[in-house]
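Okay, here's the structure, questions in a sec.
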Amino acid sequence: MNSIERWPALPLNEWKDTYRTLHLWTQIIGKIRMTLSPPLNHWWHVSLYVNSRGLTTSPVPYGEGVFEIQLDFQKHALDISTSEACSVSRPLQPESVADFYKGISNCLASLGIAVNINPRPQEIADAIPFDLDVANCSYDREYAHRFWRILVSTAKVMERFRGQFVGKCSPVQFFWGSFDLACSRFSGRLAPPRRGVISGPAYSHEVCSAGFWPGGGAVDGPAYYAYSVPKPAGLEDAQVRPEKAGWNSQLSEFILMYEDVRNALAPEEALLSFFQSTYEAGARLGKWDRGALEPGYASRADQV
């Protein structure tokens, strides 16, 4: 597989309808996992994960065993399997959010799984409850597959980045509320309390986060982002890599457009340098104990 296939084009305007529909479908799946899974810090019990086929809930506890829901972007199917050797599948195709919601509910019922979720979408403006939404009904197989390929390539770089840290670090996980893939490093210190059911637990501790997002609003295209909470003084003036990365004052975070990564001579290295340099800026200015959090930090610091 060549670099173009691993890092395909994903122009926002070309797939925005599929993007919105898929966002809502992942919310339905994510809410099922959230409802049935025991709570974890920072809302980590709600996220989805990138795998060799698409996006998965990972095992969800139910009854005496577990089940798993997967969006397969290779064969374009919704697959549900259980630890009792039962499974059901339905095609991913253009259909309304309401029909998808009804379809997945019927699939779960056929496996003896009962779950009630809040049908109101999260973090989406002017959202319609899942069971009433007949407006969002697009599914372009090509662009869904491209999006997944980008997630695979990005997740591999994030795992490299994650492996260079011995402090508390999140999994590489897909958040269906904001429709982004993210990885977060923590200093080990409490952060100033935040209000909000979601943001309170999510940002309870000092964190440097990085991720990938298909774009929208202030960012007209897919992009990588990085931010620190709380934001240390002077972060916006920090020099980060690669050269085309920079501070977005509207979002209060660093942004590197996906196209700049895709067109780099070595996309993986360019992306890793963005994750690492933005973390270093946040950790340095935030006075993190990097010697305790990063293997070999003391020896690197002696060389500076």
Side-chain angles (χ1 to χ4, degrees), residues 18-93 95-124 127-134 136-139 144 147-148 151 155 170-182 197-198 201-202:
T18 292
Y19 172 9
R20 185 172 176 88
T21 301
L22 194 56
H23 190 174
L24 291 160
W25 290 358
T26 61
Q27 292 214 358
I28 293 169
I29 295 169
K31 286 195 172 200
I32 293 168
R33 183 188 178 210
M34 177 179 70
T35 300
L36 296 176
S37 298
L40 282 173
N41 51 193
H42 313 297
W43 291 97
W44 291 352
H45 61 295
V46 311
S47 53
L48 306 179
Y49 302 95
V50 180
N51 70 6
S52 62
R53 307 293 305 183
L55 287 168
T56 177
T57 57
S58 74
V60 177
Y62 191 82
E64 299 300 314
V66 298
F67 71 94
E68 184 170 357
I69 304 174
Q70 176 176 254
L71 287 170
D72 187 324
F73 295 125
Q74 294 203 60
K75 68 176 185 179
H76 300 283
L78 170 74
D79 297 324
I80 308 176
S81 57
T82 76
S83 53
E84 307 305 311
C86 297
S87 63
V88 64
S89 182
R90 67 190 307 271
L92 294 178
Q93 59 190 2
E95 66 174 340
S96 70
V97 172
D99 284 343
F100 182 88
Y101 180 67
K102 181 180 179 180
I104 195 171
S105 297
N106 290 339
C107 286
L108 289 168
S110 73
L111 297 171
I113 299 169
V115 57
N116 292 312
I117 66 171
N118 181 344
R120 186 165 296 279
Q122 302 293 129
E123 302 179 52
I124 293 179
I128 304 167
F130 301 135
D131 54 339
L132 302 178
D133 187 350
V134 296
N136 294 291
C137 54
S138 299
Y139 185 75
F147 174 63
W148 166 70
L151 294 182
S170 76
V172 175
Q173 53 193 338
F174 184 85
F175 285 105
W176 41 264
S178 46
F179 206 68
D180 63 328
L181 186 71
V197 173
I198 295 176

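Fair warning: this is a prediction, and the values are worked out from it, not measured in the lab.
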**Item:** Stepwise side-chain contact (heavy atoms from CB on, under 4.5 Å) test for Y101 and I117
**Value:** CA-CA 11 Å; Y101 180 67; I117 66 171; 3.8 Å; yes
**Message:** I'd like to check L36 versus F67 (side-chain heavy atoms, cut-off strictly below 4.5 Å). Are they in contact?
**Reply:** yes
**Prompt:** Quick one: CE on M34 to CD1 on I29, what's the gap to the nearest 0.5 Å?
**Reply:** 13.5 Å
**Asked** What distance separates I113 CD1 from I80 CD1, expressed to the nearest 0.5 Å?
**Response** 6.5 Å
**Message:** Is there a side-chain contact (heavy atoms from CB on, under 4.5 Å) between E123 and I198? Walk through the geometry before answering.
**Reply:** CA-CA 10 Å; E123 302 179 52; I198 295 176; 4.3 Å; yes
**Request:** Inspect the surroundings of CD in E64 and state if more than 12 heavy atoms from other residues, nucleotides or ligands are less than 6.0 Å away.
**Result:** no
**Prompt:** Under 3.5 Å, side chain of Y62 to main-chain N/O of A114, donor-acceptor pair present?
**Reply:** yes
**Request:** Determine, stepwise, if the pair D72 / L78 fulfils side-chain contact (heavy atoms from CB on, under 4.5 Å).
**Result:** CA-CA 6 Å; D72 187 324; L78 170 74; over 6 Å; no
**Message:** Between H45 and L40 (side chain of the first, backbone of the second, donor and acceptor by atom type, cut-off under 3.5 Å), is there such a pair?
**Reply:** yes
For residues 170-178, dump all side-chain donor-acceptor pairs below 3.5 Å to protein atoms at least two apart in sequence or in another chain.
residue: S170; atom: OG; partner: S184; partner atom: N; Å: 2.8
residue: Q173; atom: OE1; partner: S47; partner atom: OG; Å: 2.7
residue: W176; atom: NE1; partner: V46; partner atom: O; Å: 2.6
residue: S178; atom: OG; partner: D180; partner atom: OD1; Å: 2.5

**Asked** Knowing that exactly one of L132, V134, D133 qualifies, which makes a side-chain contact (heavy atoms from CB on, under 4.5 Å) with V97?
**Response** D133
**Message:** Restricting to ring-ring contact (aromatic ring centres under 6.0 Å, His included), what partner residues turn up for Y139, sequence neighbours left out?
**Reply:** W25, H76
**Prompt:** With distance as the sole test, does K31 use its side chain to make a donor-acceptor pair with the main-chain N or O of R120 at under 3.5 Å?
**Reply:** yes
**Message:** Please report the interatomic distance OH(Y49) to CG(L181), rounded to the nearest 0.5 Å.
**Reply:** 11.5 Å
**Prompt:** For the atom pair CZ (F100) and SG (C107), what is the distance rounded to the nearest 0.5 Å?
**Reply:** 9.0 Å
**Item:** Audit row: F73, L92, side-chain contact (heavy atoms from CB on, under 4.5 Å) steps and yes/no
**Value:** CA-CA 8 Å; F73 295 125; L92 294 178; 4.1 Å; yes
**Prompt:** Less than 4.5 Å apart, any side-chain heavy atom of I104 and any of F130?
**Reply:** no
**Message:** Test your reading of the model: is there a side-chain donor-acceptor pair from E68 to the backbone of T56, 3.5 Å cut-off?
**Reply:** no
**Asked** Heavy atoms, side chains only, cut-off 4.5 Å: are R90 and E95 in contact?
**Response** yes
**Request:** Search all heavy atoms of P129 against all heavy atoms of P121 and return the closest pair with its distance.
**Result:** CA-CD, 4.1 Å
**Asked** When rounded to the nearest 0.5 angstrom, what is the spacing between OG in S81 and CG in L111?
**Response** 9.0 Å
**Asked** Any side-chain heavy atom of L48 sitting closer than 4.5 Å to one from L71?
**Response** no
**Message:** Quick check for you: to the nearest 0.5 Å, what is the distance between T21 atom OG1 and N136 atom CG?
**Reply:** 4.5 Å
**Request:** Mind listing the closest non-hydrogen atom pair of G54 and N51 along with its distance?
**Result:** N-OD1, 2.7 Å
**Message:** Under a 3.5 Å distance rule, please check whether T57 uses its side chain to pair with a backbone N or O of I69 as donor and acceptor.
**Reply:** yes
**Prompt:** What class does the angle between the rings of Y19 and H23 fall in, given that below 30° is parallel, 30 to 60° is tilted and above 60° is perpendicular?
**Reply:** parallel
